[in-house]
There are 2 protein chains.
Amino acid sequence: MGAVNIKKLAFELNLSAATVSRALRDSHEISRETKIRVHEMAKKLNYEPNPFASSLRKQKSKTIAVIVPEIANNFFSLAINGIEEVARERDYHVLIYQTHESSEIETSFLMRLLSGRVDGILISLACENVDKEQLKRISDQLPVVFFDRVHDDIEGVKIITDDYESAYNAVQHLIENGCKKIGYLLALNTLSTGKNRLQGYLDALKCNVLQDDKGLIMQSGANNDENYALIKNFIAEQKPDGILSSIEELAMPCYFACKELQLNIPNDLKLISFSNLAHAELLNPSLTTINQPAFEIGLEAAGILFKIFNKRWYEPNETIILKSNLIKRESTRAIL
Amino acid sequence: MGAVNIKKLAFELNLSAATVSRALRDSHEISRETKIRVHEMAKKLNYEPNPFASSLRKQKSKTIAVIVPEIANNFFSLAINGIEEVARERDYHVLIYQTHESSEIETSFLMRLLSGRVDGILISLACENVDKEQLKRISDQLPVVFFDRVHDDIEGVKIITDDYESAYNAVQHLIENGCKKIGYLLALNTLSTGKNRLQGYLDALKCNVLQDDKGLIMQSGANNDENYALIKNFIAEQKPDGILSSIEELAMPCYFACKELQLNIPNDLKLISFSNLAHAELLNPSLTTINQPAFEIGLEAAGILFKIFNKRWYEPNETIILKSNLIKRESTRAIL
DNA sequence: TATTATTCCGTAAACGTTTACGTAAATAAA
DNA sequence: TTTATTTACGTAAACGTTTACGGAATAATA
C-alpha cells in the first residue's frame with residue numbers, strides 16, 4: 001500500500017482530510033490557493049488515493065469487466081483492444097475473464113461480479129447454453145452490453161455485425177464464381193450470431209435454386225483434431241465445390257484437408273470464412289474472408305457502456321449492427 | 001451493489017456480523033452448525049461479500065495487473081491466456097493495460113497501480129526507454145514479475161526465452177541452407193530481449209566467418225507503412241539471400257516486398273522470424289519461425305507471482321529461461 | 001448598523017468488511 | 001470444589017475515503 005494516505009497529507013498541510021479530499025476532486029468549496037497547495041503536496045508525497053476506500057464510499061468501482069470465450073483469438077483480442085482504449089480515456093480499469101466456451105465458468109464469473117466489483121460488464125457469450133435466469137439477475141443489477149456472441153432470448157443492448165447479410169453475400173459470391181454445391185461449416189449455432197449466419201447461407205442457396213441438403217452442413221466437433229477429421233471426411237464424402245466457414249478455426253483445417261485430399265483451392269474447392277486473421281492475404285492461396293470490424297465493435301460496446309453510466313443511453317434493448325467486410329481473394333477466384 | 005450485506009445476513013441469522021464473517025471464512029472459532037446455517041442463508045440471500053470493504057480492511061486486492069504493449073498480438077494474447085488461467089485457479093482477478101509501446105503510458109499505469117489496487121504486476125516492457133527510477137519505486141512497493149520484454153538494468157524476477165540461442169540457431173539454419181548474406185530486421189533493440197537476439201545473430205555470423213556489415217541490419221521504423229518501405233528498400237539495395245526478423249510484424253512485409261520485387265522465397269531469399277503466428281504453416285510459402293512458448297510464459301510468470309505472494313519465492317533476481325522452438329518450413333528450404 | 005449571502009473549511013458519520021479483545025458458558029484439570 | 005482451559009460468540013475499532021451538515025469569517029445588501 002502507498003504509505004501516504006489522505007490523513008497524512010492533511011496533516012502535512014494543516015488541513016482536514018475533508019478539505020484535502022475536496023481539493024483533489026476540484027470542489028468549488030475550496031479556494032484556488034488551497035487547491036494548489038494540496039496538489040503540490042500530493043505530488044511531492046506521491047499520494048495515490050486508495051481505490052477501495054473510494055469505491056466503498058462512492059459505490060463506484062471505476063472498473064468494467066470483459067468476459068469472452070478466449071483471449072488468444074484474433075477477433076476477441078482486437079475487440080478487447082478497442083475496449084481498453086475507451087476505458088483508458090475514461091480512466092477506467094478493465095478486468096478480463098475467459099470462459100473457454102463453458103457456460104458454467106461464465107455463470108460463476110457473472111455471479112462473482114454481483115459483488116459490485118465492476119460498474120458494468122461487456123460480454124460475448126459462450127456457445128454452451130446460457131443460464132438465462134442468472135443472466136437476467138445480473139443485468140437487473142448492473143449494466144451489461146453484449147457484443148458479437150449474443151442470444152435472441154436475452155434482452156439487452158447488443159453490438160453485432162450483419163451476420164445474415166455477410167453469409168448471404170458470401171454464398172452469392174461463391175455462386176457467382178461458379179460454385180454449385182456449397183457446404184457450410186457450422187459453429188456458434190446455439191447463438192443468434194450462428195443462427196443468422198446459417199440462415200444467410202440457407203436463404204442464399206434458396207434464392208439461387210441450389211441444393212440445400214442437410215448433408216452439406218457440417219457441425220463442428222469438440223476440438224481441433226476432431227474438427228480436422230470431420231472436415232476431411234466431409235469434403236471427401238460430399239465433394240462440395242465451395243465452402244463457407246462460420247468461424248476462422250474451421251477454415252484453417254480445410255487447407256490441410258485439401259492438401260491431404262489433393263484438392264486445389266480454388267480450382268476444386270472455393271473457400272470463404274468469417275475471420276479476423278491479419279495475414280489472410282499471405283495464406284496459400286490467400287483466403288477470402290468476411291472481416292468483422294472487431295476493434296470498432298470493442299470501441300462501440302465500451303462507448304455504449306459509458307453512455308449507460310452517464311445516463312445518456314435510453315434504448316435498453318437496442319441492437320446495433322456494424323457492417324462486416326467481404327474481402328475477395330484467391331481462395332474464391334473463378335476458374336478461367 | 002448487491003443489496004444484501006453482512007449485517008443483513010447477521011440480522012436474519014440472529015448473529016453478529018463478526019460471527020458471520022468468521023463463519024464464511026471457515027474460522028475455527030465458529031461451531032460447525034453455525035457455519036452451516038450461515039452458508040445456507042448466504043446462498044439463499046445470494047450474498048456476495050463486498051470486495052472493496054474486504055480489500056480495504058485486509059489490504060489485499062485479490063487482483064493482479066498485466067501490462068503489455070499490445071493485446072491484439074499473437075504472443076501477448078497467448079501469454080495473457082496463460083496468466084488468466086492461473087489467476088482463475090486462485091480466484092484472482094486480472095486487470096489488463098496496454099501501453100502501445102509508450103513508456104509514458106506505461107509509467108502512468110504503474111503510478112496508478114501504486115494505490116494498492118493490485119497485489120502484484122506482470123509486465124512486458126514497452127520499447128521506449130523506461131523510467132528506471134519509477135520502476136524501482138514500484139517494485140519496492142509491490143511484487144513485479146517481468147516477462148519476455150525485459151531490461152538488464154532493471155532488477156527483478158524475469159521470465160524470458162533463449163533469445164540469443166534462438167537467433168544464433170536461426171542464422172545457423174540459414175547458413176546451412178545456403179545463405180551467404182544474411183540480413184537482420186532489428187526491433188526491441190532498447191530491451192535485453194532485442195539485444196540478445198541481435199547478439200545471437202552477430203555471433204553466428206562471426207562463427208561462420210560471414211559478412212557482418214552494419215548495412216545488413218535494418219532498424220525498424222515507426223509504423224507499418226514505413227516498415228514496408230524500409231524493408232523493400234533494404235532488400236532491393238542490400239540484396240540479402242537470407243533474413244532473420246526479430247519480430248513477426250517485420251516478417252510479413254517481407255512477403256509483400258518480395259512479391260513486389262519479384263523475388264522468390266525461398267529461392268532468392270530465405271526468411272525466418274520470431275513469431276507466434278498460429279498459421280505460419282499456411283503462409284505462401286510457409287514461414288520458418290522461432291516459436292516462443294507464450295502460453296507457458298504466462299503460466300510461469302503468474303505462477304511465480306503467486307509464489308511471491310505466498311512467500312515461497314526466495315530469488316528476487318532470478319531469470320527463468322524457457323526454450324523457444326525453431327520450426328523449419330518452406331521459407332528457408334535449401335535450393336535443390 | 002443589522003441582516004443575509006457567500007466563501008472556505010472542519011466534524012463526524014458512513015461505506016462493508018475484518019479482527020483484536022473481551023466474556024460467558026461449558027469442559028477439563030487440579 | 002476450585003481453578004484453568006476451551007469453545008463460541010459479541011463489541012467495537014479500524015481500513016481510507018467521501019459527503020451531509022454546520023459554522024466562522026468575510027462580503028454584499030437592506
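Put simply, NZ on A:K60 is 18 Å from C1' on C:dG16, counting in whole angstrom units. If you take CZ of B:R57 and P of C:dT18, they are 9 Å apart, rounded to a whole angstrom. Rounded to whole Å, atom C1' of D:dT17 lies 14 Å from atom CD of A:E48. Taking atom NZ of B:K58 as the reference point, atom C1' of D:dG16 lies 17 Å away to the nearest angstrom. To the nearest angstrom, P of C:dG16 lies 12 Å from CZ of B:F52. For the pair A:R117 CZ and C:dT17 P, the interatomic distance rounds to 13 Å; values are reported in whole Å. Put simply, OH on A:Y47 is 10 Å from P on D:dG16, counting in whole angstrom units. Atom CG in A:L56 sits roughly 7 Å away from atom P in C:dG16 (whole-Å rounding).
Taking every heavy atom of residues 26-38 of chain B and every atom of DNA chain C, no pair lies under 4.0 Å. Taking a 4.0 Å limit (strictly below) on heavy-atom distances, residues 7-23 of chain A reaches DNA chain C at A:N14, A:L15, A:S16, A:A18, A:T19, A:R22.
Phosphate proximity of D:dT18 to A:R25: present, with a side-chain N or O under 4.0 Å from OP1 or OP2. Listed pair A:Q59 / C:dA14 fails the phosphate criterion, with no side-chain N or O lying under 4.0 Å from OP1 or OP2.
The pair A:E101-A:R149 counts as a salt bridge, with a side-chain nitrogen and a carboxylate oxygen less than 4.0 angstrom apart. Under the 4.0 Å criterion applied to side-chain N and carboxylate O atoms, B:K35 and B:D26 are assigned as salt-bridge partners. Remark: A:D91 does not engage A:K62 in a salt bridge, criterion side-chain N to carboxylate O under 4.0 Å.
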Inset, instruction - Please lay out, stage by stage, how A:T107 and A:Q134 fare under the test side chain to side chain donor-acceptor pair (under 3.5 Å). - result: CA-CA 7 Å; A:T107 303; A:Q134 303 283 30; over 6 Å; no
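Distance CG/B:N81 to CD1/A:I71: 6.0 Å, rounded to 0.5 Å.
Not counting sequence neighbours, the partners of B:D152 by the side chain to side chain donor-acceptor pair (under 3.5 Å) test are B:S192. Residues satisfying the side chain to side chain donor-acceptor pair (under 3.5 Å) criterion with A:E128, sequence neighbours excluded, are A:S103. Judged as a side chain to side chain donor-acceptor pair (under 3.5 Å), and not counting sequence neighbours, A:D148 has no contacts.
Enclosure of atom CD in B:E318 by more than 12 non-hydrogen atoms of other residues, nucleotides or ligands within 6.0 angstrom is indicated.
Axis angle across the helix from C:dT1-D:dA30 to C:dA30-D:dT1, with five pairs used at each end and values rounded to 10°: 50°.
Using a 30° and 60° split on the angle between ring planes, B:F76 and B:F147 fall in the perpendicular class, above 60°. Ring geometry for B:F109 versus B:Y97: interplanar angle of 30 to 60°, hence tilted.
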